[in-house]
Amino acid sequence: MTPESYVRQIIPTGCTAGDVGTGEAPANLALVKYWGKRDTRLNLPVTSSLSISLGKLGTRTRLTPRPGGDDLVLLNDEPVAPESAFAGRLGAFLDLLAPSRPRLCIDTHNTIPTAAGLASSASGYAALVLALDDLYGWQLPRPLLSRLARLGSGSACRSLWPGFVLWQAGKREDGQDCQAEPLPEHWPDLRIGVLTLHHERKPISSREAMHRTVADSTLYQVWPEQVASDLREMREALAAKDFPRLGQIAETNALTMHATMLGCQPPVLYWQPETVATLHRIWELRRNGQQVFTTMDAGPNVKLLFLADSQESIRQAFPAMRLVSPFQDS
Ligand code: PMV
């Protein structure tokens with residue numbers, strides 16, 4: 001199935017662009033990661049994954065037609081070069097979803113500081129799909145918008161809801177059972193700390209690293225089974241509000257994901273010396289009785305998981321940490 005025919009099965013025909021469309025979506029952090037695709041064109045994952053949305057940290061996007069003009073991308077009020085990879089990907093995604101669209105002003109604001117070490121592509125594509133839905137009046141339900149956002153960036157399909165979200169990998173080759181859904185659990189005391197350790201551009205994109213891991217790494221063979229068990233246990237930990245269990249599963253899952261990358265030749269290693277030092281610091285705090293765990297994505301930065309009652313001691317240990325309260329910041 002081509003992305004074009006996939007999209008045609010979802011989007012209603014006969015809608016025309018209005019004067020303006022807006023959308024807003026949160027960033028999300030995976031507690032059980034998505035790593036590896038079974039179909040690269042439709043962004044179908046090998047496994048399901050589970051995330052937490054980050055409250056008001058995310059993206060706001062406004063689309064307005066520019067009759068007679070070219071596309072204009074504004075990121076946090078600054079024009080983006082039309083020949084940049086970023087503008088190119090956005091334009092191609094819009095062309096895929098709305099092939100006869102007018103040229104647009106794509107005015108997008110990230111409420112995630114760019115250097116915060118949190119991916120903005122998930123909230124970016126989710127906000128863009130919501131803005132298109134609004135511009136064209138498609139009135140698609142969220143699960144279908146999730147299926148569309150997935151085409152921009154896999155993890156974007158989880159950014160259509162607040163709170164905990166499960167992305168079902170599905171089984172169908174046409175991808176029409178591959179979408180996210182919100183989970184009922186609410187955990188107001190949950191805290192996330194973001195440690196930005198390294199500002200340089202990552203040497204290899206998550207897309208490329210994922211592709212190489214699936215193709216090259218014999219360690220990837222353990223991943224699907226590990227995720228199946230982590231998801232089962234994570235659902236139990238959420239239902240029981242068992243924080244140490246949540247933290248341990250999330251941490252082991254992230255470390256295993258990074259281990260699969262090391263099995264590539266040449267290896268993919270996102271960690272920097274500061275990453276390793278921070279991991280040792282977290283484990284030392286844990287040995288001293290603090291309930292603090294970590295998760296990491298395709299980059300050198302570290303996210304901390306802890307509960308509200310340890311907030312002050314964790315802040316003392318990591319003064320540069322940016323604090324996120326996922327259920328209170330929305
Ligand atoms: O959605 P992508 O293509 O940016 O990949 C995201 C991959 C991870 O962030 C490492 C894991 C995840 O589940 O978000």
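The chain is numbered in sequence order, starting from 1. When a ligand or atom number is given, it counts from 1 through the structure's own listing order.
Here the side chain of Thr213 pairs a donor or acceptor atom with the backbone of Ala209 at under 3.5 angstrom. Judged by distance alone, with hydrogens and angles left aside, the side-chain atoms of Arg38 form a donor-acceptor pair with the main-chain N or O of Pro45 at under 3.5 Å. Looking at Thr252, its side chain does come within 3.5 Å of a backbone N or O of Gln248 through a donor-acceptor pair. In this structure, the side chain of Ser120 does not engage the main chain of Asn110 through any donor-acceptor pair within 3.5 Å.
Annotation: Tyr34 places an N or O atom under 3.5 Å from an N or O atom of ligand 1; distance criterion only. In terms of polar-atom proximity, defined here as any N/O pair under 3.5 Å, Ser155 does make such a contact with ligand 1.
At least one heavy atom of Ser206 sits less than 4.0 Å from an atom of ligand 1. For Ser153, the heavy-atom gap to ligand 1 drops under 4.0 angstrom. Ligand 1 does not have Arg207 within reach: every non-hydrogen atom of the residue lies 4.0 Å or more from it.
Near Ala30, meaning under 4.0 Å from one of its heavy atoms, ligand 1 places the atoms 12 (C), 13 (O), 14 (O). Atoms of ligand 1 found under 4.0 Å from any heavy atom of Gly154 (numbered from 1 in listed order, with element): 1 (O).
Salt bridge status for Arg287 with Glu284: absent, with no side-chain N to carboxylate O gap under 4.0 Å. We find that Asp71 and Arg103 are joined by a salt bridge, their nearest charged nitrogen and carboxylate oxygen being less than 4.0 Å apart.
Under the side chain to side chain contact (heavy atoms under 4.5 Å, CB included) rule, Lys33 has a single partner from Thr295, Asp230, Val227, which is Thr295.
Residue contacts with ligand 1, taken as heavy atom pairs separated by less than 4.0 Å, involve Arg158 solely via side-chain atoms from C-beta onward. The side chain of Met210, and not its backbone, has at least one atom closer than 4.0 Å to an atom of ligand 1 (non-hydrogen atoms only; side chain from C-beta on).
In terms of protein heavy atoms, atom 9 (O) of ligand 1 is closest to Asp297 OD1, 3.4 Å.
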